[in-house]
Protein chains: 2
Amino acid sequence: MPSRSPLDAGAGRPLYEQLRGPLLEGISQGRWKAGEPIPTEAALAAEYAVSIGTVRKAVDALVAGGVLVRMQGKGTFVASHNARRMMFHFFHIVPRERDKTYPEVRTLEFRRDRADAEAARALAIPRDERVIRIRNLLTLAGTPVILDHITLPAELFPGLSEKIFTSRDNTIYHLYQSRYGINVLRTDERLRAVPAAAAQAGILGVAPGSPLLEIRRVAVSFRDRPVEWRISAVNTSAHDYHNRFGKGEAP
Amino acid sequence: MPSRSPLDAGAGRPLYEQLRGPLLEGISQGRWKAGEPIPTEAALAAEYAVSIGTVRKAVDALVAGGVLVRMQGKGTFVASHNARRMMFHFFHIVPRERDKTYPEVRTLEFRRDRADAEAARALAIPRDERVIRIRNLLTLAGTPVILDHITLPAELFPGLSEKIFTSRDNTIYHLYQSRYGINVLRTDERLRAVPAAAAQAGILGVAPGSPLLEIRRVAVSFRDRPVEWRISAVNTSAHDYHNRFGKGEAP
DNA sequence: AAGTGGTCTAGACCACTAG
DNA sequence: TAGTGGTCTAGACCACTTC
């Protein structure tokens with residue numbers, strides 16, 4: 001089979017790196033949707049006129065980046081934001097002594113607005129661009145722990161309503177992916193300790209002025225496109241923000 | 001050349017995974033020291049009677065894990081904890097608006113002690129085992145920002161004195177590596193917001209009770225051996241704890 | 001049995017470094 | 001020029017899934 005857009009062996013960049021382009025293209029443009037299999041390695045090798053080894057190396061990189069998932073004997077699939085993956089990659093609040101648990105989400109507010117300066121900068125959109133603002137309260141094992149303030153660029157989420165948002169039966173990132181084709185690949189987080197404002201304190205059940213952990217997070221998709229801006233206030237009296245560094249598994 | 005301890009193709013585990021064992025062994029036992037080259041890929045292939053491709057895959061994994069560093073045309077080297085690598089991997093406090101800067105370290109206290117319950121658990125040593133306790137004040141661009149309380153298992157750092165500790169001309173982790181052969185590969189961090197104690201407040205120049213970011217960190221070496229336990233109190237009024245998730249680079 | 005990804009090989013050629 | 005790692009190939013065989 002001829003190549004769709006032939007790769008160039010002498011282009012300076014290695015073939016397995018060039019191959020990433022068409023693969024990401026295929027995913028973000030809907031040729032293969034989340035949860036669906038991409039073509040077999042042999043088929044991709046034939047399509048782009050490279051060897052299977054080169055295809056494997058390209059796929060390896062996307063698997064490492066969380067974009068694809070391999071299943072031996074079955075095929076290679078576009079990663080889907082199921083609850084487990086979501087918890088593992090992007091949710092870092094854990095009970096101090098017990099195991100990680102799933103949060104229960106209650107939406108306190110959902111409204112359309114214009115971007116303020118900070119949101120505009122975080123989302124790389126013009127000031128006063130249309131955005132959707134959401135406030136969520138996350139409860140862990142019956143205790144309210146996290147107060148989220150989410151800002152979404154309205155342009156990327158056409159028709160998103162409070163009903164759609166709250167009636168999802170999965171994680172928020174899964175909603176982004178399944179309904180809008182937006183895959184969250186990376187997050188950038190900045191943390192600091194702040195005194196609880198009166199409103200936060202009431203909702204989280206702590207004294208005003210007592211320390212909260214504030215997380216400011218930008219979630220980005222393909223090509224470093226910011227797709228969500230979120231400020232979380234966390235009551236860390238019984239929970240920690242948990243984190244490992246040093247990529248390798250236990251050597 | 002015959003293999004030192006031959007790998008077993010039919011052992012269930014792939015050869016490139018088995019090869020990780022002897023390579024880590026060689027590093028942690030001093031066959032190759034930090035900054036030194038390991039044998040060429042061809043030599044390793046001959047020594048362990050596998051193909052170069054298999055050696056490459058094993059080395060790839062260790063490079064990804066930060067244990068080895070490749071330099072085209074020169075060789076593959078045992079990673080060294082230079083200041084740059086240290087900053088990049090294990091130091092996450094950044095000025096809110098400006099770029100990352102190097103901290104200036106002042107040692108406030110250095111003494112020998114016995115492990116309390118928390119340190120014993122973190123370091124996986126018996127209670128009352130001998131430890132070294134160090135308090136450091138880290139200053140960024142002239143402002144005191146971080147108060148570190150470090151606990152080391154004395155057994156792993158024989159002869160370590162305040163003089164040696166403070167007269168190093170490089171990072172702390174570099175000292176661990178160059179003097180004691182201890183390579184910090186991973187850290188496990190738990191963060192929470194806490195009110196500043198009076199003593200901390202005085203040193204960091206904030207009001208008592210104002211929010212500080214507290215980081216509890218275990219640094220581990222080969223075979224998940226904990227080698228350092230550290231509690232840091234961070235004044236986040238002008239600095240953030242910064243963090244990216246989602247392993248891949250920008251696709 | 002057929003088809004998938006997983007491992008492994010043997011070798012070619014290229015790009016970079018050093019003497 | 002010789003030696004290193006970096007890329008790429010073509011194919012063998014294995015382990016797993018599905019029918």
Side-chain angles (χ1 to χ4, degrees), chain A residues 1 3 6-23 26-27 32 35-80 249, chain B residues 1 3 6-23 26-27 32 35-80 249:
Chain A
M1 187 190 299
S3 153
L7 307 182
D8 178 5
R13 292 169 58 223
L15 291 176
Y16 65 81
E17 220 174 84
Q18 295 180 44
L19 197 48
R20 192 160 62 167
L23 290 176
I27 294 168
W32 316 296
E36 291 179 2
I38 65 172
T40 70
E41 299 182 342
L44 287 172
E47 178 174 353
Y48 293 100
V50 295
S51 80
I52 288 194
T54 301
V55 170
R56 281 191 67 80
K57 202 156 180 187
V59 171
D60 279 347
L62 293 176
V63 168
V67 179
L68 297 175
V69 175
R70 279 208 177 93
M71 290 186 170
Q72 180 170 151
K74 296 172 73 175
T76 300
F77 300 78
V78 179
S80 178
E249 347 62 85
Chain B
M1 189 192 296
S3 153
L7 307 182
D8 177 5
R13 290 169 60 224
L15 293 176
Y16 66 80
E17 222 174 83
Q18 296 179 46
L19 196 49
R20 191 160 62 167
L23 290 177
I27 295 168
W32 316 296
E36 292 180 0
I38 65 172
T40 70
E41 299 181 341
L44 288 171
E47 178 174 353
Y48 293 100
V50 296
S51 78
I52 288 193
T54 302
V55 171
R56 281 191 67 80
K57 202 157 181 186
V59 171
D60 280 346
L62 293 177
V63 168
V67 179
L68 298 175
V69 175
R70 280 201 230 264
M71 290 186 173
Q72 181 170 150
K74 296 171 73 174
T76 300
F77 300 78
V78 179
S80 179
E249 346 63 83

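Heavy atoms only: backbone and side chains are in, while hydrogens, waters and symmetry mates are out.
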Original post:
According to a strict under-4.0 Å criterion, is Tyr16(A) in side-chain N/O contact with OP1 or OP2 of dT7(D)?
Top reply: yes
Original post:
Are any of Arg70(A)'s side-chain N or O atoms less than 4.0 Å away from OP1 or OP2 of dG6(C)?
Top reply: yes
**OP:** Check DNA chain C against residues 35-42 of chain A and give the residues with a non-hydrogen atom under 4.0 Å, in numerical order.
**Re:** Thr40(A), Glu41(A)
Original post:
Quick one: side-chain hydrogen bond (donor to acceptor under 3.5 Å, both in side chains) partners of Ser80(B), sequence neighbours excluded?
Top reply: none
Original post:
How far apart are the closest heavy atoms of Leu44(A) and Pro39(A), and which atoms are they?
Top reply: CD1-O, 3.8 Å
Heteroatom pairs (N/O) under 3.5 angstrom, protein to nucleotides 14-18 of chain D:
residue	atom	partner	partner atom	Å
dA15(D)	N3	Gln72(A)	OE1	3.0
dC16(D)	O4'	Gln72(A)	OE1	3.1

Original post:
What integer distance in Å separates Ile52(B):CD1 from dT7(D):C1'?
Top reply: 13 Å
Subject >> Heavy-atom pair with the smallest gap, counting every atom of Pro37(B) and Trp32(B) >> reply: O-CD1, 4.0 Å
**OP:** Output yes when at least one side-chain N/O atom of Arg56(A) is less than 4.0 Å from OP1 or OP2 of dG5(C), else no.
**Re:** no
Original post:
Taking only residues two or more places apart in sequence or in another chain, which ones pass salt bridge (charged side-chain N to carboxylate O under 4.0 Å, His left out) with Glu17(B)?
Top reply: Arg13(B)
**OP:** Would you kindly give the CG-to-C1' distance between Leu19(A) and dT9(D), to the nearest whole Å?
**Re:** 15 Å
Original post:
When we call it a touch if two heavy atoms are under 4.0 Å apart, what does Val59(A) touch: a base, just sugar-phosphate, or nothing?
Top reply: nothing
**OP:** Starting at atom CE of Met71(A), determine the distance to atom C1' of dG3(C), rounded to an integer number of angstrom.
**Re:** 17 Å
Original post:
In whole Å, what is the span from the CG atom of Asp60(B) to the C1' atom of dG5(D)?
Top reply: 11 Å
Original post:
So, for Ala42(B) and Ile52(B), which heavy atoms are closest and what is the spacing to 0.1 Å?
Top reply: CA-CD1, 3.9 Å
Under 3.5 Å, side-chain donor or acceptor atoms of residues 69-79 of chain B against the rest of the protein: list the pairs with distances, not counting sequence neighbours.
residue	atom	partner	partner atom	Å
Arg70(B)	NH1	Glu41(B)	OE2	2.8
Arg70(B)	NH2	Asp60(B)	OD1	2.1

**OP:** Using Watson-Crick or G-U wobble geometry with both distances below 3.5 Å, tell me the partner of dG19(C), or none.
**Re:** none
Subject >> Spacing of Tyr48(A) atom OH relative to dC8(D) atom P, expressed in whole Å >> reply: 16 Å
**OP:** Output yes when at least one side-chain N/O atom of Thr54(B) is less than 4.0 Å from OP1 or OP2 of dT9(C), else no.
**Re:** yes
Original post:
How long is the line joining CG of Leu44(B) and P of dT9(C), in whole Å?
Top reply: 14 Å
Original post:
How far does CZ of Arg56(A) sit from CG of Leu19(A), to the nearest 0.5 angstrom?
Top reply: 13.0 Å
Subject >> N/O (side chain, Lys57(A)) to phosphate O (OP1/OP2, dC8(D)) under 4.0 Å >> reply: no
Original post:
dA10(D) phosphate, OP1 or OP2: any side-chain N/O from Ser51(A) under 4.0 angstrom?
Top reply: no
Subject >> Any residue meeting side-chain contact (heavy atoms from CB on, under 4.5 Å) with Ser51(B), in chain and number order, not counting sequence neighbours >> reply: Thr54(B)
